[in-house]
Amino acid sequence: MNTASTSAPAEEPRWLTDEEQRVWRSYIEATYLLEDHLDRQLQRDAGMPHIYYALLVRLAESPRRRLRMTELAMQAKITRSRLSHAVARLEKNGWVRREDCPSDKRGQFAVLTDQGQEVLRQTAPGHVAAVRQAVFDRLSPEQQKSLGEIMQIVAEGLQPQEAGADLPWLR
């Protein structure tokens, strides 16, 4: 008799309750629609997708308007290959340039150019208006605070600290 082939019965999944399913589907619908709304606004106003705008913002907020590519991928929560493709497009537009890292021959910096800073300056008012109209104008101050707290809890829970974690910027 081979007991190794005997398996325990599979544990039943913890299915979402009707209320959890309603919340989950509302979240998914809202995030898809919000991302589409912001993408359309930025494509119309600046000819760029939302992710490119987010990269320009991260660079603008960094000391000397520069970040190592690995750090930029981590902050943007995207894979290194997706970042490399995006930075190549931003370079083609003259908005970003790459510089070699003097202390690490394999490393590179992404640097926001003056032209990129100007595009960001011109685009930011319309983007902020789109965000405000889509999110903040619809929520009370208490709801805004709750949303921020909830999203922080979810984000923190999805960023494991152990070595070898499967996170986008490590791929």
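Note that the structure is predicted; figures quoted are calculated from it, not measured.
Each ring pair (Phe, Tyr, Trp, His ring centres under 6.0 Å) pair with one or both residues in residues 70-91, not counting sequence neighbours, would appear here, but there are none. Residues in residues 86-96 take part in these side-chain hydrogen bond (donor to acceptor under 3.5 Å, both in side chains) pairs, two or more places apart or across chains: Glu91-Arg98. Applying the salt bridge (charged side-chain N to carboxylate O under 4.0 Å, His left out) test to residues at least two apart or on different chains, the pairs with a partner in residues 13-34 are Glu19-Arg22. Under the ring pair (Phe, Tyr, Trp, His ring centres under 6.0 Å) criterion, the residue pairs touching residues 16-43 are Trp24-Tyr27, with sequence neighbours excluded.
Counting all heavy atoms, side chain and backbone alike, Ser84 lies closest to Met69 at CA-CE, 4.2 Å. Closest non-hydrogen pair, Val111 versus Arg66, comes out as CG2-CB, 3.8 Å. Residues Gln115 and Gly94 share a closest heavy-atom pair of OE1-O, 3.4 Å.
Taken together through direct or relayed side-chain contacts under 4.5 Å among Ile, Leu, Val, Met, Phe, Trp and Tyr, Leu38 and Leu139 form part of one hydrophobic cluster. Residues Leu33 and Val131 are members of separate hydrophobic clusters, defined by side-chain heavy-atom contacts under 4.5 angstrom among Ile, Leu, Val, Met, Phe, Trp and Tyr. No continuous path of hydrophobic side-chain contacts links Leu34 to Val128 [ILVMFWY only; heavy atoms under 4.5 Å]. Both Met151 and Val135 belong to a single network of hydrophobic side chains, linked directly or stepwise wherever heavy atoms of I, L, V, M, F, W or Y lie under 4.5 Å apart. Note: the hydrophobic cluster containing Leu147 also contains Ile28 (ILVMFWY, side chain heavy atoms under 4.5 Å, direct or indirect links).
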Could you go through residues 45-59 and list every donor-acceptor pair under 3.5 Å that involves a side-chain atom there, pairing it with any protein atom two or more places apart or in another chain?
| residue | atom | partner | partner atom | Å |
| --- | --- | --- | --- | --- |
| Asp45 | OD2 | Gln41 | NE2 | 2.8 |
| His50 | ND1 | Glu35 | OE1 | 3.2 |
| His50 | ND1 | Glu35 | OE2 | 3.0 |
| Arg58 | NH2 | Gln75 | O | 3.3 |

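With hydrogens and angles ignored, the 3.5 Å screen pairs no side-chain donor or acceptor of Thr123 with any backbone N or O of Leu120.
Applying the 6.0 Å contact sphere to CZ of Arg97 captures more than 12 heavy atoms from other residues, nucleotides or ligands.
Counting heavy atoms from C-beta on, the side chains of Asp114 and Arg65 come closer than 4.5 Å. You'll find the side chain of Trp15 reaches within 4.5 Å of the side chain of Glu12, heavy atoms only. Using a 4.5 Å heavy-atom cutoff, the side chains of Arg68 and Cys101 are in contact. Residues Phe109 and Pro102 meet the side-chain proximity criterion, which asks for heavy atoms closer than 4.5 Å.
In this model, a donor atom of one side chain and an acceptor atom of the other lie less than 3.5 Å apart for Glu142 and Ser140.
By the side chain to side chain donor-acceptor pair (under 3.5 Å) test, Gln144 pairs with no residue at all, sequence neighbours left out.
Between atom CG of residue Leu83 and atom CG of residue Leu90 there is a gap of 9.0 Å, rounded to the nearest 0.5 Å. For the atom pair OG (Ser62) and CG (Leu112), the distance works out to 9.0 Å, reported to the nearest 0.5 Å.
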